[in-house]
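Report on one structure; see the data block that follows.
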2 protein chains.
Amino acid sequence: MEDLINKYKGRGFKLTPQRIEILRFLEGNTSHPTAEDIYREIKKKYGTVSFATVYNTLQALKERGELLEVTIDPERKHFDPNSTPHHHIICGSCGKIEDVFEDYSGALKLPEKVLEKFTATGNHIDFFGICADCKN
Amino acid sequence: MEDLINKYKGRGFKLTPQRIEILRFLEGNTSHPTAEDIYREIKKKYGTVSFATVYNTLQALKERGELLEVTIDPERKHFDPNSTPHHHIICGSCGKIEDVFEDYSGALKLPEKVLEKFTATGNHIDFFGICADCKN
DNA sequence: ATTGTATAATGGAATTATTCCAAGATGAGA
DNA sequence: TCTCATCTTGGAATAATTCCATTATACAAT
Ligand SMILES: [Mn+2]
Ligand SMILES: [Mn+2]
Ligand SMILES: [Zn+2]
Ligand SMILES: [Zn+2]
């Protein structure tokens with residue numbers, strides 16, 4: 001917890017009670033929560049917190065490269081405090097999202113036709129599937 | 001045009017003037033338009049058309065497997081009338097999205113750890129880059 | 001061709017997601 | 001401890017998406 005506070009000290013990132021609560025919720029969280037998941041959690045402790053504060057904090061973390069926005073689910077955005085490069089798999093039945101830590105970059109050569117028009121800087125793979133729980 | 005109408009006849013898909021205009025706009029369109037792009041185009045001909053009609057039509061086409069929702073851009077959804085499997089690359093500067101027709105599936109083996117929890121059914125790669133126009 | 005009718009589509013209104021910005025809180029420096 | 005520039009908060013505004021009562025479509029029967 002002190003570590004968490006020290007981690008964000010300085011650099012123009014002000015630590016408010018609401019933010020500390022958001023940071024604690026995100027710390028080590030691998031569930032890929034939505035803005036609403038985060039809002040509901042923070043509201044338990046700070047009844048007057050707003051969605052705006054949640055979005056503002058997520059935005060600030062994104063700008064610092066400490067949070068990723070995951071777009072695998074067309075229904076809603078998910079957020080990921082693990083900003084090391086990795087991919088995701090989503091269950092088509094329950095929507096659960098899990099991490100795929102594997103480096104495929106050596107195999108992802110773009111066709112010549114695309115390279116004529118783009119310089120590539122990165123990639124992210126969305127895997128689709130069914131999780132063991134949903135397979136009954 | 002007659003082809004377009006015959007293509008959608010039957011199967012409970014009713015062809016209204018608004019829908020025909022939407023279908024004509026999407027036919028062969030490789031620009032990956034947003035709902036608003038489509039709405040603005042249809043409104044030129046049908047001034048009273050609503051976003052609801054655009055969304056309803058896109059939904060109906062998705063359910064028929066004739067339209068893909070592209071989630072590469074976290075700002076907004078894009079739609080793609082080419083429903084054959086392919087990947088995308090987006091320019092980080094201007095937001096332009098282009099197609100990547102290449103089959104990487106042979107190289108995308110999931111780690112054992114993930115296979116224990118998921119049965120994979122598909123994948124989609126988001127490539128990030130800078131387009132030639134934006135590189136100045 | 002015309003009419004009847006089951007079913008599906010339209011679009012204004014409601015809801016939900018996201019952003020804006022005036023008021024208030026934070027923290028580096030004195 | 002106090003000041004004050006800067007940043008954050010959260011109610012209100014805006015934008016994105018969905019709901020559902022009304023209307024249109026297309027097939028079937030005349
Ligand atoms: Mn992740
Ligand atoms: Mn495409
Ligand atoms: Zn599942
Ligand atoms: Zn560009």
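Order of the sequence lines sets the chain letters (A, B, ...), proteins ahead of strands, with each chain counted from 1. Only heavy atoms go into these numbers, but all of them, side chains included; no hydrogens, no water, no symmetry mates. Source: prediction; values computed, not measured.
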Using heavy atoms to find the nearest nucleotide of DNA chain C for Ala52(B) and Leu15(A) separately, return the residue whose nucleotide is more 5′. Ala52(B)
Using a strict 4.0 Å threshold on nitrogen-to-oxygen distance, state whether Asp133(A) and Lys96(A) make a salt bridge. yes
May I have the distance from Tyr39(A) (atom OH) to dT18(C) (atom P), rounded to whole angstrom? 14 Å
How long is the gap from NE2 on His124(B) to OG1 on Thr71(A), to the nearest 0.5 Å? 9.5 Å
Examine dG11(D): is either OP1 or OP2 under 4.0 Å from a nitrogen or oxygen in the side chain of Ser50(A)? Give yes or no. no
Here the distance between atom C1' of dA16(D) and atom CZ of Arg76(A), to the nearest Å, is 14 Å
Could you check which of dT9(D), dA9(C), dG11(C) has an atom nearest any side-chain atom of Thr48(B)? dG11(C)
Atom CD of Glu21(A) to atom C1' of dT8(D): distance rounded to whole Å? 17 Å
Does Gln59(A) place a side-chain N or O at less than 4.0 Å from the phosphate oxygens OP1/OP2 of dT19(C)? no
Interatomic distance where CZ belongs to Arg40(A) and P belongs to dT16(C) [whole Å]: 13 Å
Could you tell me whether the side chains of His32(A) and Asp99(A) share a donor-acceptor contact shorter than 3.5 Å? yes
Does the pair Lys44(B) and Glu41(B) meet the rule for a salt bridge (charged side-chain N to carboxylate O under 4.0 Å, His left out), with working shown? CA-CA 6 Å; Lys44(B) 288 180 188 169; Glu41(B) 185 65 24; 3.2 Å; yes
For Arg19(B), which contact category applies under a 4.0 Å heavy-atom criterion: base, sugar-phosphate, or nothing? sugar-phosphate
Nucleotide dT9(D), atom C1' - distance to CD1 of Ile42(A) in whole Å: 14 Å
On DNA chain C, nearest-nucleotide positions of Val49(B) versus Pro17(A): which is more 5'? Val49(B)
Do Ile90(B) and Phe128(B) come close enough that some side-chain heavy atom pair is under 4.5 Å? yes
Round to the nearest Å and state the distance from Glu63(B) atom CD to dT18(D) atom P. 12 Å
When you measure from the side chain of Lys77(A), which nucleotide among dT9(D), dA9(C), dT18(C) comes out closest? dT18(C)
Which nucleotide sits closest to the side chain of Lys14(B): dG11(C), dA6(C), dT9(D)? dA6(C)
Tell me: CG of Asp73(A) to C1' of dT17(D), nearest whole Å? 15 Å
For a quick check of understanding: with a heavy-atom distance under 4.0 Å over all strands, which category does Thr16(A) fall into, base, sugar-phosphate or nothing? sugar-phosphate
Gap between atoms CG and C1', on Asn56(B) and dC20(D) respectively (whole Å): 11 Å
Closest of dT7(C), dT18(D), dT10(C) to the Tyr55(B) side chain is dT18(D)
